[in-house]
Number of protein chains: 2
Amino acid sequence: MTVTLADVAARARVSPATVSRVLNGNYPVAASTRERVLRAVDDLDYVLNGPASSLAAATSDLVGILVNDIADPFFGIMAGAAQTEIGGPGDGSGRAGGEKLAVVCNTGGSPARELTYLTLLQRQRAAAVILTGGAVEDPAHQAAMAAKLAKLADAGTRVVLCGRPPLPEGEAVVAALAFDNRGGGRRLTEHLLTLGHRRIGYVAGPVERTTTRHRLEGHRDAMAAAGLYGDDTTTEGRLANGRDEDRLTVHGPYDRRSGYDATLELLRREPEVTAIVAANDTVALGASAAIRDRGLRIPEDISVAGFDDLPFSVDAVPALTTVRLPLFEAGARAGRLAMGKETPPPGGIATIAAELMVRGSTAPPRK
Amino acid sequence: MTVTLADVAARARVSPATVSRVLNGNYPVAASTRERVLRAVDDLDYVLNGPASSLAAATSDLVGILVNDIADPFFGIMAGAAQTEIGGPGDGSGRAGGEKLAVVCNTGGSPARELTYLTLLQRQRAAAVILTGGAVEDPAHQAAMAAKLAKLADAGTRVVLCGRPPLPEGEAVVAALAFDNRGGGRRLTEHLLTLGHRRIGYVAGPVERTTTRHRLEGHRDAMAAAGLYGDDTTTEGRLANGRDEDRLTVHGPYDRRSGYDATLELLRREPEVTAIVAANDTVALGASAAIRDRGLRIPEDISVAGFDDLPFSVDAVPALTTVRLPLFEAGARAGRLAMGKETPPPGGIATIAAELMVRGSTAPPRK
DNA sequence: CTGTTAGCGCTTTCAT
DNA sequence: ATGAAAGCGCTAACAG
């Protein structure tokens with residue numbers, strides 16, 4: 001029933017090996033022979049058997065892209081960019097030449113699913129794997145991940161990290177592109193401090209995530225540097241010191257609902273807050289909604305800031321002050337790295353700069 | 001180097017066949033034997049060779065989900081929902097039992113890439129394929145798609161359409177879940193007409209897409225039913241008739257930029273418009289930005305409406321009037337259909353209702 | 001530049 | 001309930 005390589009070979013009056021060589025294009029074949037083979041392929045409407053090919057070659061053309069939340073443009077942009085570098089442009093013939101099959105796998109942020117997908121990809125003998133976004137910091141999971149990635153690398157799979165910090169033992173990884181979440185978080189809060197804010201609420205992401213921790217640390221670094229935490233003696237310092245660090249922080253998932261609820265909670269705990277910093281833009285949107293529902297104005301009563309600079313952030317009203325991450329560029333670079341089209345950065349690690357975008361949602365506090 | 005089935009068999013002191021049966025769980029095996037095998041698997045850290053398995057079984061555990069734009073939550077939500085039904089929950093062992101590998105492929109809306117991905121999936125002997133979102137209406141491409149899907153179905157791949165109208169010859173498809181784009185578009189414009197709007201600009205999606213056409217047709221149906229197109233004799237009708245149908249419509253991609261530019265263009269062509277209907281929520285966001293940049297207020301000066309009811313739409317200021325599509329539910333159902341966990345609707349076709357969501361961005365026109 | 005020949009690692013009748 | 005053996009369709013030495 002199904003057409004095989006042998007059928008094509010017979011029709012083209014060559015050996016199966018020659019057909020294979022033509023199809024893979026990685027071996028010299030006479031032009032006339034190639035023509036004949038290609039014609040036979042078209043005539044017979046032949047489609048290569050991927051599993052058979054992968055089995056014999058001990059490698060497949062699958063490239064996995066793991067994302068924490070496929071409905072979040074943060075991941076969608078990176079994944080899409082990576083795919084453009086991996087999948088061939090598609091010549092319209094639908095014949096599918098040497099392209100890789102770039103596939104994105106949605107872990108939903110669950111460590112178990114992350115591991116499962118990695119196993120599935122390992123089982124498929126994937127050519128490469130790209131892990132995007134923050135990692136879960138649970139030690140057991142980290143160890144399991146390191147072991148799994150080492151095994152993948154062992155089997156010849158190229159592993160690239162995109163928007164995720166390098167692993168403790170990073171030798172299994174081709175390259176790690178890490179966002180400067182900490183620096184971005186620090187500069188964002190410095191901006192708020194410069195405007196005159198002192199009582200700043202922070203809506204953090206889920207606990208035990210690198211992204212969450214680094215952004216929060218950046219924020220706290222800035223606060224501490226301004227003497228707003230710990231044993232300082234300024235009035236503001238005393239008001240906001242000590243446990244305020246925790247009192248003014250609420251954790252939750254990276255979604256608008258979390259931003260909404262957490263902001264209501266922060267407003268309840270400390271009605272005097274003059275600014276809310278959100279873990280990302282989506283959360284900031286929820287925070288803004290909560291502020292408005294409480295009858296407060298942005299930025300006159302409360303300033304709001306986000307992180308990522310997703311496409312919709314500039315259209316928020318007022319436009320959202322945030323930290324821009326070059327998601328597309330990073331994703332594309334990860335794709336190239338995964339394909340071996342680009343040489344890894346020195347040490348395999350590159351830190352990607354985050355740029356502060358000041359817009360209408362932040363202003364000096366009232367009074 | 002790599003551990004094979006035979007190694008496991010040797011260690012468990014059984015035959016390779018038995019190990020295979022234990023792993024696939026589709027054959028009676030004595031409990032004690034199973035225990036022994038499973039232990040050997042763990043001891044050896046064995047991972048099934050997917051390609052070999054697929055080759056022998058003539059089917060793989062890959063399920064492809066094609067999307068037009070992975071950075072668009074419209075697709076992300078459907079794809080994520082489908083994946084929850086397809087991938088096993090992940091038991092945390094990372095062992096990966098009978099799960100399928102649900103992978104999403106980003107076509108970027110390009111017909112050529114769509115076909116290429118289908119070929120790649122065919123090559124992998126995918127267990128199922130889910131096509132999401134609007135289809136390109138070019139006859140040549142439709143024919144190519146129909147042929148390709150027929151071939152996939154022939155090879156045992158289950159094909160499911162989600163948010164895409166059924167094919168002319170739909171026998172290759174397990175099921176088609178179509179959104180009621182036309183009805184939704186009609187009700188949305190009826191809402192505007194009821195408010196008193198007569199001069200309504202329409203920012204449509206890309207031409208030659210089913211989604212674009214159906215939503216636009218719904219809009220025009222409503223306009224025509226109100227006597228606002230064609231040879232009527234009312235004052236409004238005369239003002240807005242004939243070529244106005246085209247003059248008040250601008251096509252563009254489904255992104256905010258397109259909404260921004262198109263709205264500026266509509267405002268230029270017809271300064272008297274009192275409402276802008278956008279092809280989807282993202283476009284509506286761009287339209288809103290353009291309206292504001294022109295110094296006009298929403299909804300006092302101009303009403304704005306979108307389509308889809310994406311999560312951010314309720315947080316827009318003012319909240320966006322739109323048409324809600326049950327994206328998650330549809331995606332999940334498509335996933336179940338692809339897995340054969342749910343029986344297809346009668347005739348293989350189900351139309352999914354669209355619900356009008358009236359919010360703050362629409363109001364009666366001024367004066 | 002092209003043909004021959006072995007497998008790649010697993011599933012699956014067919015026996016037992 | 002388990003084992004033996006025959007491929008699945010392709011690639012990759014190795015010749016020529």
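Hydrogens, waters and symmetry mates play no part in the numbers below; they use all other heavy atoms, side chains included. Letters A, B, ... are given to chains in the order of the sequence lines, protein chains preceding strands, and every chain is numbered from 1.
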From the options D:dG3, D:dA1, D:dT11, select the nucleotide whose nearest atom is closest to the side chain of A:L5.
-> D:dT11
Between CG on residue B:L5 and OH on residue B:Y46, distance to nearest 0.5 Å = 4.0 Å
Chain A on DNA chain C: first and last contacting nucleotide, 5' to 3', under 4.0 Å to a heavy atom?
-> C:dC1 to C:dG9
B:V14 or A:A17, whichever maps to the more 5' nucleotide of DNA chain D = B:V14
Take B:R21 and B:L55, find for each the nucleotide of DNA chain C with the closest heavy atom, and name the residue whose nucleotide sits nearer the 5' end.
-> B:L55
Where each residue is assigned the nucleotide of DNA chain D containing its nearest heavy atom, which of B:A56 and A:A57 is assigned the position nearer the 5′ end?
-> B:A56
Considering only side-chain heavy atoms of B:T33, which listed nucleotide, D:dT11, D:dG3, D:dA1, is closest?
-> D:dA1
Rounded to the nearest angstrom, tell me the gap between atom CG in A:D7 and atom P in D:dG9.
-> 9 Å
Is the phosphate of D:dG9, meaning OP1 or OP2, less than 4.0 Å from a side-chain N or O of A:T4?
-> no
Spacing of B:R13 atom CZ relative to D:dG3 atom C1', expressed in whole Å | 15 Å
May I have the distance from A:N49 (atom CG) to D:dG7 (atom C1'), rounded to whole angstrom?
-> 13 Å
Starting at the 5' end of DNA chain C and moving along, which residue's nearest nucleotide shows up first, A:P28 or B:S20?
-> A:P28
With no hydrogens and no angle check, is any side-chain donor or acceptor of B:D42 less than 3.5 Å from a backbone partner on B:R39?
-> no
Would you tabulate the side-chain donor-acceptor contacts of residues 124-135 of chain A under 3.5 Å, counting partners in other chains and residues two or more places apart, or write 'none'?
from: A:Q124; atom 1: NE2; to: B:D61; atom 2: OD1; distance (Å): 3.0
from: A:R125; atom 1: NH1; to: A:Q122; atom 2: O; distance (Å): 3.0
from: A:T132; atom 1: OG1; to: A:L66; atom 2: O; distance (Å): 2.7

Is A:S53 reaching over with its side chain to a backbone N or O of A:N49, donor-acceptor style, under 3.5 angstrom?
-> no
Could you tell me whether the side chains of B:T18 and B:S15 share a donor-acceptor contact shorter than 3.5 Å?
-> yes
Please identify each residue that fulfils side chain to side chain donor-acceptor pair (under 3.5 Å) with B:T157, with sequence neighbours left out.
-> none
